[in-house]
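Numbered from 1 within each chain, the chains take letters A, B, ... in sequence-line order.
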Protein chains: 2
Amino acid sequence: MDVKTVCLGMLSDGEASGYDLKKQFESTFAHFFAAGYGSIYPALSSLHADGLVDCREEAQDGRPDRKVYRITDDGLAHLRGALSETNLTHRVRSEFLAAMCFAHLMSAEQIAAILDHRVTELSRYLAMFDEFDECNGEWTDGMRFVCGFGRAITEASKRYIEANRDTLTAAPDLKRTAAQ
Amino acid sequence: MDVKTVCLGMLSDGEASGYDLKKQFESTFAHFFAAGYGSIYPALSSLHADGLVDCREEAQDGRPDRKVYRITDDGLAHLRGALSETNLTHRVRSEFLAAMCFAHLMSAEQIAAILDHRVTELSRYLAMFDEFDECNGEWTDGMRFVCGFGRAITEASKRYIEANRDTLTAAPDLKRTAAQ
DNA sequence: CGCAACATGTAAGCGGTTACATGATTAC
DNA sequence: GTAATCATGTAACCGCTTACATGTTGCG
């Protein structure tokens with residue numbers, strides 16, 4: 001499933017412009033499916049060329065024109081087909097964990113800085129999830145499930161790092177003490 | 001940080017062939033940094049061309065020859081440089097979560113199949129982490145931290161799915177009952 | 001006899017990122 | 001004035017995936 005399919009999925013929930021979709025990629029989808037304008041606009045063009053979405057140009061006063069896309073019947077059928085796949089991937093690519101594998105080559109200060117940076121990012125995500133909850137009422141069960149999932153693993157990540165950071169940052173003699 | 005750097009990091013722990021590294025990518029690194037032969041062999045060639053690793057060709061009887069790579073002093077310096085970066089990414093790309101966002105377009109059976117598939121994958125990871133623990137003694141603190149992290153979020157994922165699957169697969173009238 | 005494990009590579013292609021390009025309006 | 005928000009796009013590039021290509025030994 002690529003950016004094209006996800007855009008189509010977002011449009012199944014109501015019409016939107018590329019700019020609107022980008023905001024969704026940055027907020028509710030940020031923790032598991034990021035995409036930039038360089039992916040979104042070509043995806044929408046391609047969906048339009050395939051007849052999977054309609055496009056209406058909308059003039060606005062005091063603002064640039066916008067292209068509002070709406071899913072077609074063909075598009076909905078196509079989306080259902082893509083969703084019928086059961087072998088869906090869930091991939092993680094983490095420079096953070098890769099670096100931690102080689103912690104023995106770093107100073108305690110370096111490790112601490114990396115860990116702090118990661119915890120900060122996780123906290124930003126948690127703040128985002130809290131914001132989502134405030135306007136939770138309008139959401140589908142699916143979106144609630146996905147955001148709950150995000151919160152669950154984000155909290156687990158943060159807890160794990162905070163509980164185990166001393167195994168990497170403590171001086172060797174302190175580590176022996178902690179092990180006793 | 002790309003496959004090249006991770007290969008260099010693995011070699012900082014002892015000499016190995018491309019084939020050996022692949023096994024490590026498939027086991028201990030699988031849950032956060034996958035790589036295939038098509039990435040590994042070119043990475044090793046490139047590291048060799050840059051003088052960051054040495055290469056020794058080893059003839060074996062009853063088996064194909066192998067190229068054993070060893071990190072050089074330049075390589076170690078380069079690796080430390082790469083590791084000094086504090087802005088390390090941790091990216092998730094999940095078709096699974098994307099599909100769950102559009103659960104309202106699927107049947108309960110379809111959703112159940114996808115959820116079951118994911119739980120199976122998570123269980124396979126957990127079995128892998130259990131295997132790792134058996135020969136845990138030889139590991140660095142870094143590797144223990146990373147595998148512990150993997151287990152923590154894998155368990156959290158599994159628990160979350162099992163606790164919340166009925167919000168997506170229950171019939172509408174049952175959902176109302178559950179909400180009360 | 002066939003399959004798994006051992007072992008190394010190349011090449012095409014794809015999907016996504018990054019940087020570039022443009023321009024109006026509003027708020028500080 | 002200057003930054004942020006709104007708004008749409010292109011093009012080069014990069015890194016990874018996939019498929020292809022080849023060959024041996026050992027085990028059941």
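Note: A:Tyr37 and A:Tyr19 have parallel aromatic rings, judged against thresholds of 30 and 60 degrees for the angle between ring planes.
Just one residue in the list A:Arg144, A:Met143, A:Arg151 forms a side-chain contact (heavy atoms from CB on, under 4.5 Å) with A:Cys147, and that residue is A:Met143.
Near-neighbour residues of DNA chain C inside residues 12-33 of chain A, defined by a heavy atom below 4.0 Å, are absent.
If you find the closest nucleotide of DNA chain C to B:Arg91 and to B:Tyr69, the one lying nearer the 5' end belongs to B:Tyr69. Between B:Asp2 and A:Ser45, the residue whose closest nucleotide on DNA chain D is further toward the 5' end is A:Ser45.
With a cutoff of under 4.0 Å to any heavy atom of chain B, the contacted region of DNA chain D is bounded 5' to 3' by D:dC16 to D:dT25.
B:Asp2 and B:Thr5 are linked by a side-chain donor-acceptor pair at a separation below 3.5 angstrom, with hydrogens and angles left out of the test. Between the side chains of A:Asp20 and A:Ser17, at least one donor-acceptor pair of N or O atoms lies under 3.5 Å. Between B:Asp141 and A:His104, the side chains place no donor N or O within less than 3.5 Å of an acceptor N or O (distance only, hydrogens not considered).
The pair A:Lys158-A:Glu155 fails the salt-bridge criterion, with no side-chain N (NZ, NE, NH1 or NH2) lying under 4.0 Å from an Asp/Glu carboxylate O.
A straight line from OH of B:Tyr41 to C1' of C:dT8 spans 5 Å, rounded to a whole angstrom. Between A:Glu95 atom CD and C:dT17 atom P there is a gap of 13 Å when expressed in whole angstrom units. A:Tyr37 has its OH atom 19 Å from the P atom of C:dA21, to the nearest Å.
Between the side chain of A:Glu95 and the backbone N or O of B:Thr89 there is at least one donor-acceptor pair closer than 3.5 Å.
For the salt bridge (charged side-chain N to carboxylate O under 4.0 Å, His left out) test, residues two or more places apart in sequence or in another chain that qualify with A:Arg70 are A:Glu15.
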